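The structure appears below as structure tokens.
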Amino acid sequence: MKRRRTVLLTLAALLGATLTGLPAGPAAADEVEQLKNGAFDTTTAPWWTTSNVTAGLSDGQLCADVPGGTANRWDAAVGQNDVTLVKGESYRFAFKASGAPAGHVVRAIVGLQVSPYDTYFEISPQLIVSGDTYSYIFTSPVDTAQAQVAFQAGGSADAWRMCLDDVSLLGGVPPEVYHPDTGPRVRVNQVGYLPSGPKNATLVTDATTRLPWQLRNAGGTTVAHGWSVPRGVDVSSGQNVHSIDFGAYRKPGKGFTLVADGETSRPFDIGTGDYEQLRLDSLKYYYTQRSGIAIRDDLRPGYGRPAGHVDVPPNRGDSNVPCQPGVCDYTLDVTGGWYDAGDHGKYVVNGGIATWELLSTYERELLARTGESGRLRDGTLALPESGDKVPDILDEARWELEFLLRMQVPDGRPLAGMAHHKVHDEQWTGLPLLPSDDPQKRELHPPSTQATLNLAATAAQAARLYRPYDRAFAAKALTAARKAWTAALAHPAMYASASDGTGGGTYDDTNATDEFYWAAAELYLTTGEKQFADHVRTSPVNTADIFGPLGFDWGRTAAAGRLDLATVPSKLPGRDKLRQSVVQGADRYLATLTSQPYGMPYAPVDNVYDWGSSAQVLNNAVVLATAYDITGASKYRDGATQSMDYILGRNALNISYVTGYGEVNSHNEHSRWYAHELDPNLPNPPRGTLAGGPNSSIQDPYAQSRLQGCVGQFCYIDDIQSWSTNETAINWNAALARMASFVADQG
Ligand code: 9MR
């Protein structure tokens with residue numbers, strides 16, 4: 001079909017100089033077509049196809065016969081190379097497409113034509129037989145003369161035919177300004193408030209003086225009312241806000257709303273049931289993250305899938321994995337464990353902190369005054385192991401522990417006792433991609449001191465918690481932990497390389513004193529031995545102020561040791577001081593929470609929200625919760641509970657960051673297999689999945705094209721392409737599980 005080239009000026013540029021008297025901004029660029037022959041009137045050149053695709057002209061369109069039986073979208077494609085993109089420039093990517101038989105998906109991308117095949121824009125519509133027109137605007141995050149436009153049509157069991165026409169990539173179009181739909185200006189915890197707990201909300205308004213509010217029940221009757229408190233401009237969002245405290249109302253119920261300034265909040269409950277459910281759902285997430293085992297659809301309806309990385313092609317398998325070239329001359333069986341996040345990598349440091357946080361969720365139930373280990377008993381998580389008389393949370397954590405043990409360098413090898421830092425694909429793969437369809441070679445990366453100490457810490461903790469259920473496993477774990485400890489002492493500064501990030505994340509860290517402290521703490525708490533107590537007491541970390549604004553995570557693990565030393569019974573000299581230090585840390589987070597109009601215990605330096613900020617908010621809340629367990633003082637319990645409000649909707653975006661919880665919630669998290677947004681045949685992430693959350697550094701191209709200039713809480717987008725703001729990860733969900741469990745226990 002013939003197409004005219006359009007040359008337009010933007011309205012703003014036409015009006016700019018004349019109406020406002022101000023100089024017009026930069027002259028509006030002509031809209032310029034970047035593709036050759038998108039009309040297919042006389043030829044298909046210069047479009048290419050993969051060798052398994054036959055393409056030709058048909059009624060002025062390009063029609064391609066796509067074979068069945070390929071694994072990935074990119075295994076059968078049509079494209080055009082050598083397209084130039086200009087960083088910061090906006091493009092309209094448009095095309096007509098049809099597919100027969102109906103229901104097939106094409107992944108249309110603009111990306112890099114050479115490795116690492118970065119994607120700058122992608123969309124995966126399901127095509128119809130009569131055809132449709134598709135049009136999108138995106139901003140290029142890069143300057144390149146090596147971009148490609150491609151239509152990836154593989155991954156189908158059956159053969160099908162795709163036709164394309166009027167394919168266009170128009171440069172110089174006005175950029176699309178992203179305005180998130182933030183709904184009503186009254187921001188509440190969209191899930192629920194505890195009947196006897198704090199109940200706070202935030203109102204976004206231009207008003208600078210107090211405003212009346214009403215709490216309404218599901219029938220619309222006002223059951224409480226009061227006045228808002230003006231809080232000025234909130235740094236974390238840039239909004240003028242008020243806070244509302246309706247904590248005096250304590251009657252349970254469903255479907256409440258809060259009304260103020262002419263706006264009605266999204267609905268919420270007052271009760272404890274939602275947290276009982278969230279505790280279980282956030283823990284059930286781990287089963288569908290498992291590697292090396294088929295996921296049973298009867299246990300997770302809609303999530304059944306073949307086992308990943310068990311040596312069934314196209315997988316190359318994890319049972320016989322070599323090292324990267326030059327790193328070692330043996331192979332290891334590193335099957336099992338959890339996939340880290342939305343990728344298929346398995347990383348010992350992130351597996352370690354995630355396992356610790358799950359084990360600590362369980363250990364808290366054994367020790368805390370509001371704990372009750374029966375709440376996590378056998379049969380609670382619908383696992384293949386349910387019914388084995390072992391608490392399900394221990395069965396789930398053991399899936400990862402067994403993998404961590406496999407990552408240890410065997411006796412008789414160089415660096416025996418150390419743990420390999422990670423195992424992942426040789427090259428990055430695209431989305432969507434089921435674990436069982438990953439065709440990449442898997443490689444072990446060099447051992448690191450931090451990975452070794454993660455293994456020592458979690459295996460030592462496991463030794464005390466699994467003992468009542470499986471003495472042999474407990475003993476095996478303790479032996480491995482001791483071996484790892486000795487190896488780490490002998491190799492105290494083997495750090496993972498910051499440049500080893502092809503095919504997987506780096507998880508690089510150049511300070512292991514916190515991991516030494518944590519491992520010594522766990523070994524001491526399990527064995528009571530003096531050598532470990534001595535290491536704890538002489539470590540500078542033992543007296544350091546470790547409860548900073550960012551909170552703890554995979555790279556900052558001192559708190560894991562400190563919290564356990566403060567709560568797990570022991571005879572450690574100076575233990576009271578350690579308990580006090582947790583309470584002092586909690587006082588600081590309480591002050592932060594009180595100063596934040598959105599009520600979260602998180603105020604990062606310069607308002608720079610970090611990668612995974614949702615989990616950082618939750619981990620700071622864990623310190624508050626632990627201070628409550630230590631002191632019994634209700635202000636810490638209330639602070640910990642209130643922190644959940646931010647996660648579940650009381651925030652600038654009016655979104656719950658937990659899939660399936662709250663009227664509007666994150667559900668398009670970046671994942672290769674919960675990739676419903678890209679392939680309608682795949683599921684969204686399961687209920688109870690936490691999104692990474694606002695990240696000021698917006699490292700991914702999609703976020704860069706939509707969120708440029710974002711302030712704090714606004715640096716988030718619920719799109720599968722935004723891996724820096726919207727990924728799911730095992731360490732983050734562990735923080736959610738731990739806090740959901742704490743809040744459920746306060747019912
Ligand atoms: O959560 C990690 C974050 O703290 C790091 O800054 C970032 C870069 O190394 O990596 C994040 O972790 C990702 C990992 O590297 C690969 N799997 C997905 C993880 C979550 O995004």
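Both ligands and their constituent atoms are indexed starting at 1 by order of listing. One-based numbering along the sequence shown. Note that the coordinates shown come from a computational prediction; the quantities given were computed from them, not determined experimentally. Hydrogens, waters and symmetry mates are skipped; everything else that's a heavy atom, side chains included, is used.
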So if I count the atoms of ligand 1 from 1 in the order they appear, which ones are less than 4.0 Å from some heavy atom of Glu727? 18 (C), 20 (C), 21 (O)
Candidate list Tyr339, Trp428, Trp338, test ring pair (Phe, Tyr, Trp, His ring centres under 6.0 Å), partner His344, passing option: Tyr339
Give the atoms of ligand 1, by number and element, whose distance to some non-hydrogen atom of Asp343 is under 4.0 Å. 16 (C), 17 (N), 18 (C)
Identify which of Tyr507, Tyr339, Tyr347, Trp732 has a heavy atom lying nearest to atom 19 (C) of ligand 1. Tyr507
Stepwise ring pair (Phe, Tyr, Trp, His ring centres under 6.0 Å) check, Tyr347 with Trp554: CA-CA 10 Å; Tyr347 311 81; Trp554 62 266; 9.6 Å; no
Is the shortest side-chain N to carboxylate O distance from Arg556 to Asp553 below 4.0 Å? yes
Which of the numbered atoms in ligand 1 are below 4.0 angstrom from a heavy atom of Thr506? 9 (O)
Lys346 and Glu400 ion-paired at < 4.0 Å: no
Any N or O on Asp340 sitting closer than 3.5 Å to an N or O of ligand 1? yes
Derivation and outcome, side chain to side chain contact (heavy atoms under 4.5 Å, CB included), residues Glu677 and Asp719: CA-CA 8 Å; Glu677 196 183 354; Asp719 192 287; 3.0 Å; yes
Taking the six-membered ring for Trp and the single ring otherwise, decide whether the centroids of Tyr716 and Tyr657 are under 6.0 Å apart. yes
Would you tell me which option among Trp554, Trp723, Trp611 has the nearest heavy-atom contact to atom 6 (O) of ligand 1? Trp611
As an exercise, identify every atom of ligand 1 less than 4.0 angstrom from a heavy atom of Ala341. 17 (N), 18 (C)
Among all protein heavy atoms in this structure, tell me which lies nearest to atom 15 (O) of ligand 1, with the distance rounded to 0.1 Å. Gly505 CA, 3.1 Å
